[in-house]
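Reading through the structure tokens given below for one structure.
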Amino acid sequence: MPGAKTVRVPRHVAIVMDGNGRWAKARHRPRSFGHNAGRKAVREVVEACLREGVRVLTLFAFSSENWHRPEDEVGALMSLFLRALDKEVDELHGHGVRLRFIGDLAAFDEPLRQRMRAAMTHTAGNDALHMNVAVSYGGRWDIVQATRQAAAAVARGELRAEEIDEARLGQWMSLAELPSLDLFIRTGGERRISNFLLWQVAYAELYFTDTLWPDFDQACLREAIEDYARRERRYGRTSAQVITVP
Ligand code: IPE
Ligand code: IPE
Ligand code: MG
């Protein structure tokens, strides 16, 4: 791109898409109006990731705890997911996006699960951008499901308990097959993780913005990436030891 600054681009970006309710409230509209408006921001970040060369995008769409919201809001979110799956998957596929859903998918009803499976299968051969949507996802749930798999392997006699180490357990965590998380973004002004990728966030760079999710656009992602590029990732070492990996 002529004139564009070249920056160190994170390979894997995760976003807590927060602030839809407040965005709607400011417009005297129901919360579901804000969730709907958030779809445009998703399209914006997908386009920006494709353009900037981000390889993996993981979006927090619905947490384990969000099931406790009022029934009508949960219902509105479920029908939004259904509509989005029907409408957006072909376009994402056209852009070469591989779609995955992570989380306790068994918590959803069959029509929704069936569409999620179909979208994953349909886009499985794509490689331009790996897009993961976390639904009914919790970081603690993830650690528990990985631990269960480890316990099952021990019970089958395939593994000894002493052989379970960080690398081994990490293989069962969601997203283990993808590059590790570089940049964790949260919109909407709160400075917390809210049970998102607890294991995976260990050495990610954190970026918080007051921008409400429906207002987040390509320029906002660019700003986050530029901020990331200025960070020094030391992984416990000293500044003098750090070797810059291009
Ligand atoms: C995030 O926006 C979307 C979901 C949690 C599904 P919120 O609905 O949490 O919006 P605020 O935080 O109330 O503004
Ligand atoms: C986190 O947002 C979950 C998603 C964005 C999907 P919340 O709005 O649910 O988080 P809390 O309740 O403010 O921590
Ligand atoms: Mg919120």
Side-chain angles (χ1 to χ4, degrees), residues 1-23 26 34 37-61 63 92 95 97-98 100 102 128-134 137 139 142 173-176 178-246:
M1 232 189 307
K5 234 182 347 159
T6 320
V7 297
R8 189 163 52 101
V9 175
R11 281 193 303 172
H12 185 168
V13 174
I15 310 181
V16 179
M17 309 185 287
D18 194 26
N20 298 349
R22 280 162 285 163
W23 187 90
R39 274 170 71 173
K40 181 175 164 286
V42 173
R43 281 187 224 110
E44 290 269 326
V45 293
V46 168
E47 274 175 42
C49 285
L50 287 163
R51 214 190 45 218
E52 304 276 351
V54 172
R55 302 285 299 131
V56 186
L57 172 68
T58 303
L59 300 174
F60 204 9
S63 74
L92 290 169
H95 282 116
V97 176
R98 177 170 182 177
R100 283 187 183 87
I102 58 164
L129 173 69
H130 292 251
M131 177 176 170
N132 311 300
V133 182
Y137 178 88
D142 204 354
M173 261 348 128
S174 299
L175 312 179
L178 294 168
S180 56
L181 182 57
D182 295 310
L183 175 60
F184 178 102
I185 298 174
R186 182 174 185 139
T187 66
E190 310 292 356
R191 266 75 174 154
R192 55 177 172 255
I193 308 289
S194 295
N195 198 19
F196 196 21
L197 306 160
L198 297 181
W199 177 276
Q200 299 84 345
V201 86
Y203 256 111
E205 296 296 326
L206 307 181
Y207 179 88
F208 297 99
T209 169
D210 290 336
T211 303
L212 302 174
W213 177 247
D215 292 327
F216 198 84
D217 61 11
Q218 302 198 31
C220 297
L221 187 73
R222 175 80 187 174
E223 221 171 282
I225 289 175
E226 282 175 1
D227 192 279
Y228 167 84
R230 291 191 291 272
R231 314 273 182 102
E232 184 181 64
R233 303 184 78 189
R234 289 190 290 275
Y235 298 97
R237 295 169 187 264
T238 67
S239 196
Q241 286 179 298
V242 172
I243 305 152
T244 314
V245 185

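In this chain, residues are counted from 1 in sequence order. Just so you know, these numbers come straight off a predicted model, no measurement behind them.
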Give me the atom names and distance for the closest heavy-atom approach of F60 to N195.
CZ-O, 4.2 Å

So how far is it from D215 CG to K40 NZ, rounded to the nearest 0.5 Å?
8.5 Å

Taking all non-hydrogen atoms of both residues into account, name the closest pair between W23 and G34 and its distance.
CE3-CA, 3.9 Å

Interatomic distance, OG1@T58 vs CD1@I185, rounded to 0.5 Å, equals 11.5 Å

I would like to know whether E226 and R230 meet salt bridge (Lys or Arg N to Asp or Glu O under 4.0 Å); could you show each step before the answer?
CA-CA 7 Å; E226 282 175 1; R230 291 191 291 272; 5.1 Å; no

Close side-chain approach of L59 to V42, heavy-atom, < 4.5 Å
yes

May I ask you to test the R51-Q218 pair for a side-chain heavy-atom distance under 4.5 Å?
yes

Are any side-chain N or O atoms of Q241 and backbone N or O atoms of T238, one a donor and one an acceptor, separated by less than 3.5 Å?
yes

Determine whether L183 and V54 make a side-chain contact, defined as any pair of heavy atoms from C-beta on separated by less than 4.5 Å.
no

Kindly indicate whether the side chain of Y137, heavy atoms from C-beta on, has any atom under 4.5 Å from the side chain of S174.
yes

When rounded to the nearest 0.5 angstrom, what distance separates CD1 in I15 from SG in C49?
6.5 Å

Identify the residue among V16, D18, V45 that makes a side-chain contact (heavy atoms from CB on, under 4.5 Å) with W213.
V45

What heavy-atom pair brings R22 and L212 nearest, and what distance separates the two atoms?
C-CD1, 4.2 Å

State, yes or no, whether a side-chain contact exists between L175 and L197 at a heavy-atom distance under 4.5 Å.
yes

Using the rule given for side chain to side chain contact (heavy atoms under 4.5 Å, CB included), can you reason through Y207 versus E223, listing the C-alpha separation, both sets of side-chain angles and the distance that settles it, and then say yes or no?
CA-CA 10 Å; Y207 179 88; E223 221 171 282; 4.0 Å; yes

Is a side-chain donor or acceptor of H12 paired with a backbone partner of P179 at a separation under 3.5 angstrom?
yes

Evaluate E52 against I225 for side chain to side chain contact (heavy atoms under 4.5 Å, CB included), listing each step before the verdict.
CA-CA 9 Å; E52 304 276 351; I225 289 175; 4.1 Å; yes

Can you confirm whether T209 sits close enough to R186 that some side-chain heavy atom of one is under 4.5 Å from a side-chain heavy atom of the other?
no

Would you call E47 and R43 a salt bridge, taking side-chain N to carboxylate O under 4.0 Å as the test?
no

If every non-hydrogen atom of R234 is compared with every non-hydrogen atom of S239, which pair is closest and at what distance?
CD-N, 3.6 Å

Does the side chain of I193 reach to within under 4.5 Å of the side chain of F184, using non-hydrogen atoms?
yes

Have S180 and Q200 got a donor and an acceptor in their side chains that come within less than 3.5 Å?
no

Side-chain contact, heavy-atom cut-off 4.5 Å: L221 with F216?
yes

Derivation and outcome, side chain to side chain contact (heavy atoms under 4.5 Å, CB included), residues V13 and V56:
CA-CA 6 Å; V13 174; V56 186; over 6 Å; no

When you check the gap from the basic side-chain N to the acidic O, do D210 and R191 get nearer than 4.0 Å?
yes

What residue among R233, R55, R231 forms side chain to side chain donor-acceptor pair (under 3.5 Å) with D182?
R233

For residues Y203 and G236, report the shortest heavy-atom separation together with the two atoms involved.
OH-N, 3.3 Å

Give a yes or no on whether the backbone of M173 and the side-chain of D142 come within a donor-acceptor separation of less than 3.5 Å.
no

Here the pair of heavy atoms bringing H130 nearest to L178 is ND1-CD2, 3.7 Å

